[in-house]
Amino acid sequence: MEHVQWPGEWLRGVLGVCVLRILLDGPSYGYAITQRLAEAGLGTVKGGTLYPLLARLEDAGHLAVEWRPGEGGPGRKFYALTEQGRVLAGEQAARWADFTTVTRGLTDAAARTPEPEASTP
């Protein structure tokens, strides 16, 4: 997908559900999560946005954290969903799907509406 710069408020709204979805595939570390988000078409998510979200999810009991030694480099902090986090991931995905259905009901018509023709004097 081509690189698109999405409005920050849109990304903040969807980032949690997307990170939970990525972690359904298994434990991962911050940089790898940002790479997956970028590959999915969300653009560059900075650590200053991602890591506070991961900390909130951990504090709420949705993530377990484990330090793993690096291969020839520094260790990495891996994040894994707890059972509670797996439940939340499913619930949030379903709620987001409902939300996008509602918002698409409003926005699709605007996307199809032709622009008014410019009047000539």
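Start at 1 with the first residue, then count along the sequence.
- Residues passing the side-chain hydrogen bond (donor to acceptor under 3.5 Å, both in side chains) test with Arg104 are Asp108, sequence neighbours excluded.
- In terms of the side-chain hydrogen bond (donor to acceptor under 3.5 Å, both in side chains) criterion, Asp59 has no residue partners (sequence neighbours excluded).
- Rounded to the nearest 0.5 Å, atoms CG (Leu57) and CG (Leu81) are 8.5 Å apart.
- The distance from the CZ atom of Arg56 to the CG atom of Leu63 is 11.5 Å, given to the nearest 0.5 Å.
- Linking ILVMFWY side-chain heavy atoms closer than 4.5 Å, directly or via other members, places Leu20 and Tyr31 in two distinct hydrophobic clusters.
- For Tyr51, there are no ring-ring contact (aromatic ring centres under 6.0 Å, His included) partners two or more places apart in sequence or in a different chain.
- Closest of all the heavy-atom pairs between Thr82 and Ala64 is CG2-N, 3.8 Å.
- Legend: side-chain hydrogen bond (donor to acceptor under 3.5 Å, both in side chains) pairs involving residues 10-24, not counting sequence neighbours, sorted by first then second residue: Arg21-Asp25.
- With rounding to the nearest 0.5 angstrom, the NZ atom of Lys77 is 5.5 Å from the CD atom of Glu58.
- Partners of Glu91 under the side chain to side chain contact (heavy atoms under 4.5 Å, CB included) rule, at least two apart in sequence or in another chain, are Val87, Leu88.
- Around atom CZ of Arg68, more than 12 heavy atoms belonging to other residues, nucleotides or ligands sit under 6.0 Å away.
- Taking each heavy atom of Gly47 and Pro52 in turn, the nearest pair found is O-CD, 3.6 Å.
- Leu23 and Leu50 end up in the same hydrophobic cluster when Ile, Leu, Val, Met, Phe, Trp and Tyr side chains are linked at under 4.5 Å.
- When the side chains of ILVMFWY residues are joined at heavy-atom separations under 4.5 Å, either directly or via intervening members, Ile33 and Leu15 end up in a single hydrophobic cluster.
- Taken to the nearest 0.5 Å, the CG atom of Leu37 stands 5.5 Å off from the CG atom of Leu42.
- Under the 4.5 angstrom side-chain criterion for Ile, Leu, Val, Met, Phe, Trp and Tyr, the cluster partners of Trp96 are Val14, Val17, Phe99.
- Atoms CD1 and OH, from Ile22 and Tyr79 in turn, are 13.5 Å apart once rounded to the nearest 0.5 Å.
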